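Reading through the structure tokens given below for one structure.
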Amino acid sequence: QVQLVESGGGLVQAGDSLRLSCTASGRTSSSYAMGWFRQAPGKEREVVAYINWSGGDTAYANSVKGRFTISRDNAKLLVYLQMNNLKPDGTAVYYCAADSPIALITGQPGYWGQGTQVTVSS
């Protein structure tokens, strides 16, 4: 089993920044693509960002492009989501996920973290 644990969430004000971290353990592989998803209250889960195995290829949801940055440290099996200029609509539970690129792109990664709550006040 692969375990993913998110951390770094909290309560912030609009315009603030926050960095989420995802720590992997178990039978992990640095070849996994990684992603961040989020689910707001009453809303469906949506993708936030993806990053490939090397960290050299990233993709973002249009709603966060230019404000969020995904990165990874393969040696430490960590993935980060730097969130700048947070907005109230960013309030959600943020989930880290890992799997093949295809699994992530199709929205069905095999491994999920438990989520970390981000609340952005206005």
Side-chain angles (χ1 to χ4, degrees):
Q1 291 284 343
V2 174
Q3 294 177 295
L4 303 173
V5 180
E6 304 94 335
S7 63
L11 174 63
V12 298
Q13 296 181 341
D16 285 353
S17 296
L18 202 61
R19 189 176 79 160
L20 305 182
S21 298
C22 174
T23 302
S25 62
R27 294 184 61 83
T28 59
S29 173
S30 61
S31 67
Y32 288 151
M34 305 289 292
W36 286 95
F37 296 77
R38 67 184 180 187
Q39 187 165 20
K43 304 295 183 180
E44 294 186 349
R45 184 185 63 202
E46 63 177 352
V47 63
V48 176
Y50 298 125
I51 188 167
N52 74 342
W53 68 270
S54 70
D57 189 16
T58 58
Y60 300 89
N62 288 335
S63 61
V64 306
K65 195 172 299 182
R67 298 186 296 115
F68 289 12
T69 302
I70 187 171
S71 61
R72 67 189 298 168
D73 183 337
N74 288 343
K76 298 180 179 179
L77 299 178
L78 293 172
V79 62
Y80 305 98
L81 184 68
Q82 177 67 46
M83 305 184 293
N84 296 329
N85 191 23
L86 282 161
K87 301 181 182 299
D89 63 6
T91 296
V93 177
Y94 285 71
Y95 298 92
C96 177
D99 212 330
S100 68
I102 292 175
L104 283 169
I105 292 172
T106 58
Q108 294 184 299
Y111 304 101
W112 294 91
Q114 85 291 341
T116 185
Q117 177 71 48
V118 173
T119 302
V120 185
S121 66
S122 60

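Count residues from 1 along the sequence. Owing to the predicted nature of the structure, the values given are computational and were not obtained by experimental measurement.
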Q. Mind checking whether Arg67 and Tyr60 have side chains closer than 4.5 Å, heavy atoms only?
A. no

Q.
Would you say that Val118 contacts Met83 through its side chain, given a criterion of any heavy-atom pair below 4.5 Å between the two side chains?
A. yes

Q) Taking a hydrophobic cluster as the set of Ile, Leu, Val, Met, Phe, Trp and Tyr residues connected by side-chain heavy atoms closer than 4.5 Å, whether directly or through intermediates, do Ile51 and Phe37 fall within one such cluster? A) no

Q.
Would a single hydrophobic cluster contain both Val48 and Ile70, if residues Ile, Leu, Val, Met, Phe, Trp and Tyr are joined by side-chain heavy-atom contacts under 4.5 Å?
A. yes

Show the nearest heavy-atom pair for residues [X] and [Y], with the distance to one decimal.
X      : Y     : answer
Thr91  : Ala40 : O-CB, 3.5 Å
Val79  : Cys96 : CG1-SG, 3.5 Å
Pro109 : Ala97 : CG-CB, 3.6 Å
Cys22  : Met34 : SG-CE, 4.4 Å
Ala24  : Leu4  : CB-CD2, 3.7 Å

Q. Out of Thr116, Leu81, Val64, Leu20, which one pairs with Arg38 under the side-chain contact (heavy atoms from CB on, under 4.5 Å) rule?
A. Val64

(Q) The test is side-chain contact (heavy atoms from CB on, under 4.5 Å); show your working for Tyr80 and Trp36 and say whether it passes. (A) CA-CA 9 Å; Tyr80 305 98; Trp36 286 95; 5.7 Å; no

So, [X] side chain and [Y] main chain: donor-acceptor pair closer than 3.5 Å or not?
X     : Y      : result
Asn52 : Gly55  : yes
Gln13 : Ser121 : no
Glu6  : Gln114 : yes

Q: Classify the angle between the aromatic ring planes of Tyr95 and Trp112 as parallel (below 30°), tilted (30 to 60°) or perpendicular (above 60°).
A: perpendicular

(Q) Classify the ring geometry of Tyr111 against Tyr32: parallel below 30°, tilted from 30° to 60°, perpendicular beyond 60°. (A) tilted

Q | Value rounded to 0.5 Å, distance of CG in Leu11 from CG in Leu18 | A | 10.0 Å

Q: Rounded to the nearest 0.5 Å, what's the gap from CZ on Arg72 to OG1 on Thr58? Could you check?
A: 12.0 Å

Q.
Could you check whether atom CD of Gln117 has more than 12 heavy atoms from other residues, nucleotides or ligands sitting under 6.0 Å from it?
A. yes

Q. Yes or no on side-chain contact (heavy atoms from CB on, under 4.5 Å) for Phe68 and Leu86, after CA distance, side-chain angles and deciding distance?
A. CA-CA 9 Å; Phe68 289 12; Leu86 282 161; 3.8 Å; yes

